[in-house]
S.K.: 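There's a structure below that I have some questions on.
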Amino acid sequence: MPVQRLWLTDFRNYQSLDISLPPGLTVIIGNNGQGKTNLLESIFWLSKGTSFRNAPTEALIKNGKQKAIIRAEVYSGPRKVLLEAELAVKGKNRILVNSNKVKRFRDLLGYFQTTLFSPDDLQLIKGGPGERRKYLDELLIDSHPKNYELITDLEKVLRQRNTLLKQAKGILSSEILSTLEVWDEKFVQLGEALSFSRQQLIKKLDQSFPDIMFALQGKESNTELKYISSWHENGLKKGLEESRKVDIQRGITTIGPHRDDLQLNLNNMPARTHASQGEQRSLALSLRLAGHKVITEAVKSNPVILLDDVFSELDEHRSSKLIEILPDCQTLISSAGELPYGIEPPSVIKISNGEVINSE
């Protein structure tokens, strides 16, 4: 049971919340705008250090207040750990582990993980490559915090390379070339390492992804996860050399892992353009649950599953199948309406205007 207790102070529409969370399946019920998603968002923030709704810090703080506090008792393996985050309208956020302030965000990572499904996850299938790269990279970080450093180091080198390309103003002088070769060497080392890790991750996802998709759909379908890259055949070093003229002209790095994609095919056709809305939802949910299994095997512990308004995104058949195949772990599901027929959770929390009005 990773999250045993949760406290919120001036977070979103919660003035004050102190709630114990049971193991297993819990459904959080309430009308729209009452704070169901906010509660899930607070748990997600402590696991990732960010909002899954891409909200800026000031949006997470109750109107008229200068700071918000998220505090939770979580289990990291057999150990109970107190995680605290103080979010500020101005200045830096403060993060504490067992009441000790940590200097770096990455020191928060690894104490517990979350697997999230939200209505926005349809963009994993329908959206641009950036959504799918983010999905892969978040799984890599959850698998091992060291991957955070790899990804952030690559982003820094990419920014430096792009800054140099802009400074060139379309002209490859000897001075620009000399500096560019230095950044290229670093970019190749980090980029190929990240690409290799992503491809290994996809192989692991593919071990359970088709079975999960079959269980949700109730019928056989041919699924394929494919890593798409324009430079793999000849390597990143060769690719950068071949694209150098274009990069100088455009003032930007045109190839690399920041341009790669995860392509999903269903019955030998791109799911982005050929799958139905229901199939796309099943594919997105299958990706999340396959990722959950990968993380469970990597860290030897189940992430907390957060399903935001999932029943509104699935028909009755898929909703029932989802409940059947959920891993035996702490799972929080928010729902604005009546639960689908046959779904009887062992625990229910009712939310109204940022307060728990009933907990069963």
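Computed from a prediction, not measured in an experiment: that's the story for all the values here.
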S.K.: Do Leu314 and Leu285 come within less than 4.5 Å of each other through their side chains, counting heavy atoms only?
M.R.: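 With C-beta onward as the side chain, the pair touches.
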S.K.: Is there a donor-acceptor pair closer than 3.5 Å between any side-chain N or O of Asn353 and the backbone N or O of Gln34?
M.R.: no
S.K.: Out of curiosity, Leu262 CG to Ile228 CD1, how far, rounded to the nearest 0.5 Å?
M.R.: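 Going from the CG atom of Leu262 to the CD1 atom of Ile228 covers 8.5 Å.
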S.K.: Asp137 vs Lys134, test: salt bridge (charged side-chain N to carboxylate O under 4.0 Å, His left out). Steps then yes/no.
M.R.: CA-CA 5 Å; Asp137 292 348; Lys134 180 182 177 183; over 6 Å; no
S.K.: Should Asp184 and Arg161 count as an ion pair when the cut-off is N to O under 4.0 Å?
M.R.: yes
S.K.: Does the Glu84 side chain pair with the main chain of Ile70, one donor and one acceptor, at a distance under 3.5 Å?
M.R.: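 Between the backbone of Ile70 and the side chain of Glu84 there is no qualifying donor-acceptor contact (under 3.5 Å).
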S.K.: Salt bridge check: are Asp142 and Lys48 linked by an N-O gap of less than 4.0 Å?
M.R.: yes
S.K.: Do NZ/NE/NH1/NH2 and the carboxylate oxygens of Arg5 and Glu73 come within less than 4.0 Å?
M.R.: no
S.K.: Between Thr253 and His258, is the side chain to side chain donor-acceptor pair (under 3.5 Å) condition met? List the steps.
M.R.: CA-CA 9 Å; Thr253 305; His258 63 297; 5.1 Å; no
S.K.: Would Lys321 and Glu324 pass as an ion pair if we require N to O under 4.0 Å?
M.R.: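 Yes, this pair counts.
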S.K.: Taking Ser195 for the side chain and Gly191 for the main chain, is one N or O donor matched with an acceptor at less than 3.5 Å?
M.R.: no
S.K.: Quick check: does any side chain N or O of Ser243 sit under 3.5 Å from a backbone N or O of Val246, one acting as donor and the other as acceptor?
M.R.: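 Pair absent, no side-chain N/O of Ser243 close to backbone of Val246.
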S.K.: More than 12 heavy atoms of other residues, nucleotides or ligands under 6.0 Å from CD of Glu355: yes or no?
M.R.: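 Open.
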S.K.: Side chain of Tyr135, backbone of Leu287: donor and acceptor closer than 3.5 Å?
M.R.: yes
